[in-house]
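Some notes on the structure that comes next.
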Protein chains: 2
Amino acid sequence: MAPKIKDVAKQAGVSVTTVSRVLNGEKYVKDDLKIRVQRAIDELGYTPSHIARSLVRKKTNLIGVIVPDVTSSFYSTILSTIEKTASLNGYNLLVCNIIEDTDKELKYLQVFQQMRVDGIIIMHEKLNDEIRDLINKMSIPIIFSSVKPADQKFISVIIDDYAAAYDATKHLIELGHERIGYIGGDMRDITSGQNRYAGYIRALADHGIALPEAHIRFGDYKTQSGYEMMKEILAQKPHPTAVFAVSDDMAVGAMNCIHDHGLKVPEHLSVIGFDGSQLTEQVRPRLTSMEQPILEMGKVTVDKLLELIEEKEGGPAEDVILQHMLVSRDSCMDVKRGE
Amino acid sequence: MAPKIKDVAKQAGVSVTTVSRVLNGEKYVKDDLKIRVQRAIDELGYTPSHIARSLVRKKTNLIGVIVPDVTSSFYSTILSTIEKTASLNGYNLLVCNIIEDTDKELKYLQVFQQMRVDGIIIMHEKLNDEIRDLINKMSIPIIFSSVKPADQKFISVIIDDYAAAYDATKHLIELGHERIGYIGGDMRDITSGQNRYAGYIRALADHGIALPEAHIRFGDYKTQSGYEMMKEILAQKPHPTAVFAVSDDMAVGAMNCIHDHGLKVPEHLSVIGFDGSQLTEQVRPRLTSMEQPILEMGKVTVDKLLELIEEKEGGPAEDVILQHMLVSRDSCMDVKRGE
DNA sequence: ATGAAAGCGCTAACAT
DNA sequence: ATGTTAGCGCTTTCAT
């Protein structure tokens, strides 16, 4: 059995309070005692129990995070910066990988509650009623990262998805494209489904381009679905000269499909992605993408959550809107100038 | 303040023991009491504290996992199945993403200890003395996944890296290649550094092929390093007709480098990767890879760890060797038949 | 079948 | 400056 604080106290010939004091670096402990305690700790190989501490301090320094899919390049990157920032601030991560599994998410949310985590980060917005009910009555600070669910109560760290999609589409238009296909997200998702689609539509409209219904499809953000949606789009003649996919993974799937059809990116078809994941640099041609500031997003998410945790009362509770940025690589062609 | 078991007891007009009993699904509670308690729980929105439970039960149902880099396609995949299996068994994951940061790892290992996690999974083998000392004196069950560190005390879930590398090299040889380059891992790593290199060397020797020193480089498993090492290899004339990279990420980096030099895979140069991550299907040409059974590996890791946890005494403590498998895709050419 | 009380390992008043 | 003691929220003997 692991030694406890009492054992250390006995070994050092002091009270448990004194041991606790040196453990927590408090003053009011004479140097010689401090040394004796430290020696006892070393001799016994004592490690304080975080469990017991949490119980009395009512603070676990745990953050629960719900990721849709750690396997995605976007989420794994944001998760890694979340972990880094949390760790730097003395917090540890309890992670739940839901894969469209609502039951699992609900179960985890309950676990988070039982674990008395200090805060929760959620990275998706497909909240069903049960989950919405639960998080609404939990008293644990919650923050959403990269998404803004319909429910207005919680704060989100996001980009302006509408504007970003608008700008991505506009980029294609400025390159001279007029037949611009779209591979969107789940339209039940406000942030990455509806808002991005609205931006795309608006950009087209603002430039007098009719909506190319035949070239519009909706996927699930993953490579495979980008591939399949592109396949459907290519079946429509004439096919578009450019495609905007709302995730890099789908964009890569689309590029692969185009390649497998014997066509070339960007010569025959330009494609632009969304997110700015590392995949953009791993494929050839390198993928032009409307990037989210992923690293910053992860960091700010944790920073804001810690504010919520530490300031007790919700405070201003305002969304944080980060800047999106177009990063031009090799997957888009300037139709006018033949770039 | 969240309601406690005492509040529920009062509300239901029973003792805390009774509440505890219905909470834990014990028998010896009359139905009417059970119902009253349940109603009190609902009315109060009571959630038992896992913290308090852990303290008395001396069991946290927490597993600490140390991943080198969640951003890598291999590790994120194995992490996702680890999480899945753990969750299915009622365990939660505390994750630490070390990025070659030994201090952070040490710190986390200590945190795991303080948290009294029930078990630990480590996915790298670059143990320094300090870390080795620590894990050797911790009494928490530890298991290594995908690596086998020098230290013999712990069990590992791995493939036979030597044989896998041998087979990958042999595959290239059977395709008619004679100038086979190698982009290896860190030679301080036994499993993925030394063993794979030994397999490569031996396959060459067994087929009477001299070691092509000029075409051998060592990277850090990441895409970027695969790119750079390939660049160095291409600078040597004549360049090899095939390259074996010991991670899919590096293989993709190599493919990109080849592409950027105006050469084609597999026409000019074949490349074979290692791991079987999803990247293999995301790039064009699709990457042939010596695959590890990633999903199985993650599952078996957790299963074995749970055995260690539940059976108290280490037991047989034998490594688990999983089967590797060559998956042929489009990045390797049959030189003899011109395939 | 139900309850009283001790205790899990620690911190934090409150003495002294 | 150091020690005593009362909890933190729960489970678990041990009575009844």
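Within every chain, numbering begins at 1; the chains are lettered A, B, ... in the order of the sequence lines, protein sequences first and strands thereafter.
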Please report the distance, rounded to the nearest Å, between CZ in R116(B) and P in dC10(C). 6 Å

Do T17(A) and dA12(C) have a side chain to base donor-acceptor pair shorter than 3.5 Å? yes

Whole angstrom value for the distance that separates P of dC10(C) from CG of D7(A): 9 Å

For A52(A) and V29(B), take the nucleotide of DNA chain C holding the closest heavy atom to each; which residue's nucleotide lies nearer the 5' end? V29(B)

Taken to the nearest whole Å, CZ/R53(A) to C1'/dG9(D) is 19 Å

Counting only side-chain heavy atoms from C-beta out, which of dA1(D), dC10(D), dC8(D) sits nearest to K30(A)? dA1(D)

dC10(C), dC8(D), dA13(C): which one has an atom nearest the side-chain heavy atoms of K4(A)? dC10(C)

Closest of dC10(C), dT11(D), dA4(C) to the V56(A) side chain is dC10(C)

Is there a side-chain contact between Q113(A) and L134(A), using heavy atoms and a 4.5 Å cut-off? yes

Interatomic distance where NZ belongs to K10(A) and C1' belongs to dG9(C) [whole Å]: 14 Å

Exercise: identify the closest heavy-atom pair between Y46(A) and K4(A): CE1-C, 3.5 Å

Let me see the working for T18(B) and S15(B) under side chain to side chain donor-acceptor pair (under 3.5 Å), right down to the final yes or no. CA-CA 5 Å; T18(B) 302; S15(B) 73; 3.3 Å; yes

Rounding to an integer number of Å, can you tell me how far K58(A) NZ sits from dA12(C) P? 12 Å

Measure from CD on Q114(A) to P on dC10(D) and round the result to the nearest Å. 10 Å

Candidates dG3(D), dT2(D), dC10(D) - which lies nearest the side chain of S49(B): dC10(D)

Just to confirm, is there a sub-4.0 Å distance from OP1 or OP2 of dC10(C) to any side-chain nitrogen or oxygen of S20(A)? no

Sub-3.5 Å donor-acceptor pair from the side chain of Y221(A) to the main-chain atoms of D186(A), do we have one? yes

May I ask you to say what I51(B) touches in the nucleic acid, namely base, sugar-phosphate or nothing, with a heavy-atom cut-off under 4.0 Å? nothing

What's the closest nucleotide to the V16(B) side chain, out of dA5(C), dT4(D), dC10(C)? dA5(C)

Please tell me which of L55(B) and D32(A) maps to the more 5' nucleotide of DNA chain D, matching each residue to the nucleotide holding its nearest heavy atom. D32(A)

Counting any heavy atom closer than 4.0 Å, what does T18(A) reach on the DNA or RNA strands: base, sugar-phosphate only, or nothing? sugar-phosphate

Whole-Å distance separating the CG atom of D31(B) from the C1' atom of dT2(C): 15 Å

side-chain contact (heavy atoms from CB on, under 4.5 Å) between K104(A) and S87(B): does it pass, once the steps are laid out? CA-CA 9 Å; K104(A) 188 176 175 190; S87(B) 169; 3.7 Å; yes

Got a donor-acceptor pair under 3.5 Å from the side chain of R21(A) to the base of dG3(D)? yes

Would you kindly give the CG-to-P distance between N61(B) and dC10(D), to the nearest whole Å? 16 Å

